[in-house]
Amino acid sequence: MAKFDLLEQTEITVGETTYNVTAMTATDGLKFLEENQEVLDSGKSDVAIMRKIICKYATIGSIAIDEKKFNVHFARKYKQMRTLYMEILKFNFPETEEGFQEAGSEE
(Lines give C-alpha, C1' and ligand atoms only; values in the text may rest on other atoms or scores of the structure.)
Protein backbone atom coordinates (compact mmCIF):
# COMPACT_ATOMS: atom_id res chain seq x y z
CA MET A 1 0.00 0.00 0.00
CA ALA A 2 1.39 3.39 -1.01
CA LYS A 3 1.99 5.96 1.68
CA PHE A 4 0.81 9.46 0.79
CA ASP A 5 2.52 12.54 2.12
CA LEU A 6 -0.02 15.15 3.12
CA LEU A 7 0.63 18.83 3.54
CA GLU A 8 0.69 20.04 7.12
CA GLN A 9 -2.44 21.78 8.38
CA THR A 10 -3.21 23.96 11.36
CA GLU A 11 -6.13 25.80 12.90
CA ILE A 12 -5.90 29.55 13.25
CA THR A 13 -8.49 31.45 15.27
CA VAL A 14 -9.00 35.10 14.44
CA GLY A 15 -11.78 36.87 16.26
CA GLU A 16 -14.57 34.37 16.70
CA THR A 17 -13.77 32.33 13.57
CA THR A 18 -11.50 29.31 13.38
CA TYR A 19 -9.88 28.73 10.00
CA ASN A 20 -8.26 25.53 8.77
CA VAL A 21 -5.04 26.42 6.98
CA THR A 22 -3.13 24.10 4.67
CA ALA A 23 0.58 24.59 4.02
CA MET A 24 1.77 25.69 0.62
CA THR A 25 3.71 23.18 -1.41
CA ALA A 26 7.43 23.95 -1.61
CA THR A 27 7.03 25.07 -5.22
CA ASP A 28 4.08 27.35 -4.38
CA GLY A 29 5.97 28.82 -1.42
CA LEU A 30 9.07 29.57 -3.48
CA LYS A 31 6.96 31.05 -6.27
CA PHE A 32 5.07 33.22 -3.77
CA LEU A 33 8.32 34.55 -2.28
CA GLU A 34 9.80 35.21 -5.71
CA GLU A 35 6.73 37.09 -6.94
CA ASN A 36 5.99 39.03 -3.75
CA GLN A 37 9.28 39.69 -1.97
CA GLU A 38 9.17 43.46 -2.59
CA VAL A 39 5.64 43.74 -1.20
CA LEU A 40 6.57 41.64 1.84
CA ASP A 41 9.72 43.66 2.51
CA SER A 42 7.81 46.93 2.31
CA GLY A 43 5.26 45.83 4.92
CA LYS A 44 2.47 47.06 2.66
CA SER A 45 -0.66 45.08 1.89
CA ASP A 46 -1.76 43.97 -1.56
CA VAL A 47 -5.46 43.09 -1.54
CA ALA A 48 -5.22 40.80 -4.57
CA ILE A 49 -2.43 38.80 -2.95
CA MET A 50 -4.27 38.63 0.39
CA ARG A 51 -7.46 37.38 -1.30
CA LYS A 52 -5.56 34.83 -3.38
CA ILE A 53 -3.68 33.39 -0.38
CA ILE A 54 -6.71 33.27 1.91
CA CYS A 55 -8.94 31.67 -0.75
CA LYS A 56 -6.33 29.08 -1.73
CA TYR A 57 -5.01 28.01 1.68
CA ALA A 58 -7.78 28.64 4.23
CA THR A 59 -11.23 27.19 4.84
CA ILE A 60 -13.88 27.84 7.46
CA GLY A 61 -14.42 24.34 8.76
CA SER A 62 -14.80 22.35 5.55
CA ILE A 63 -16.22 25.32 3.62
CA ALA A 64 -13.93 26.69 0.93
CA ILE A 65 -13.45 30.43 0.77
CA ASP A 66 -14.15 31.41 -2.82
CA GLU A 67 -14.25 35.03 -3.99
CA LYS A 68 -17.95 35.44 -3.14
CA LYS A 69 -17.48 33.94 0.36
CA PHE A 70 -14.38 36.10 0.84
CA ASN A 71 -16.27 39.30 0.00
CA VAL A 72 -19.20 38.49 2.27
CA HIS A 73 -17.26 36.96 5.17
CA PHE A 74 -14.71 39.77 5.45
CA ALA A 75 -17.10 42.69 4.85
CA ARG A 76 -16.33 45.19 7.64
CA LYS A 77 -13.69 42.79 9.03
CA TYR A 78 -10.55 44.16 7.40
CA LYS A 79 -8.37 43.77 10.48
CA GLN A 80 -9.48 40.12 10.78
CA MET A 81 -8.68 39.57 7.08
CA ARG A 82 -5.21 41.10 7.45
CA THR A 83 -4.53 39.12 10.63
CA LEU A 84 -5.52 35.85 8.96
CA TYR A 85 -3.30 36.63 5.98
CA MET A 86 -0.33 37.36 8.23
CA GLU A 87 -0.93 34.17 10.24
CA ILE A 88 -1.02 32.12 7.02
CA LEU A 89 2.35 33.61 6.05
CA LYS A 90 3.81 32.94 9.49
CA PHE A 91 2.62 29.33 9.29
CA ASN A 92 4.09 28.83 5.84
CA PHE A 93 7.35 30.70 6.37
CA PRO A 94 8.27 30.21 10.05
CA GLU A 95 11.97 30.85 9.47
CA THR A 96 11.23 34.34 8.12
CA GLU A 97 8.41 35.18 10.53
CA GLU A 98 10.26 38.22 11.88
CA GLY A 99 10.39 39.64 8.35
CA PHE A 100 6.62 39.79 7.96
CA GLN A 101 5.07 42.87 9.41
CA GLU A 102 1.75 44.56 9.02
CA ALA A 103 1.55 47.91 7.30
CA GLY A 104 2.06 50.69 9.79
CA SER A 105 3.86 48.54 12.37
CA GLU A 106 7.10 49.83 13.79
CA GLU A 107 10.19 47.75 14.24
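- With hydrophobic clusters built from ILVMFWY side chains whose heavy atoms lie under 4.5 angstrom apart, Leu7 does not share a cluster with Ile88.
- Rounding to the nearest 0.5 Å gives a distance of 4.5 Å between CE of Met24 and CG of Asn92.
- Exactly one residue among Ile54, Ile12, Ile53, Thr59 makes a side chain to side chain contact (heavy atoms under 4.5 Å, CB included) with Val21. That residue is Ile12.
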For a quick test of your reading: what N or O donor-acceptor pairs under 3.5 Å do the side chains of residues 66-75 make, sequence neighbours left out?
residue : atom : partner : partner atom : Å
Asp66   : OD1  : Lys68   : N            : 3.3
Asp66   : OD1  : Lys69   : N            : 2.7
Asn71   : ND2  : Glu67   : O            : 3.2
His73   : NE2  : Tyr19   : OH           : 2.7

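- Sorted by first then second residue, the salt bridge (Lys or Arg N to Asp or Glu O under 4.0 Å) pairs that include residues 49-59, not counting sequence neighbours, are Asp28-Lys56.
- Atom CZ of residue Phe32 and atom CD1 of residue Ile49 lie 6.0 Å apart, to the nearest 0.5 angstrom.
- A salt bridge is absent between Glu34 and Lys31; no separation between the charged side-chain nitrogens and carboxylate oxygens falls under 4.0 Å.
- To the nearest 0.5 angstrom, Arg76 atom CZ is 13.5 Å from Met81 atom CE.
- Note on Leu84 and Ile60: same hydrophobic cluster, where clusters join Ile, Leu, Val, Met, Phe, Trp and Tyr whose side-chain heavy atoms are under 4.5 Å apart, directly or indirectly.
- Within the 4.5 Å cutoff, the side chain of Arg82 has no heavy atoms near those of the Lys79 side chain.
- Interatomic distance, CD of Glu16 versus CD of Gln80, reported as 8.5 Å (0.5 Å rounding).
- Leu33 CG to Leu40 CG: the interatomic distance, rounded to the nearest 0.5 Å, is 7.0 Å.
- No side-chain heavy atom of Val14 sits under 4.5 Å from any side-chain heavy atom of Tyr85.
- Annotation: ring pair (Phe, Tyr, Trp, His ring centres under 6.0 Å) contacts involving residues 35-65, sequence neighbours excluded, are absent.
- Distance CG/Asn36 to CG/Asp46: 7.0 Å, rounded to 0.5 Å.
- Side chains of Thr22 and Gln9: a donor-acceptor N/O pair is present below 3.5 angstrom, by distance only.
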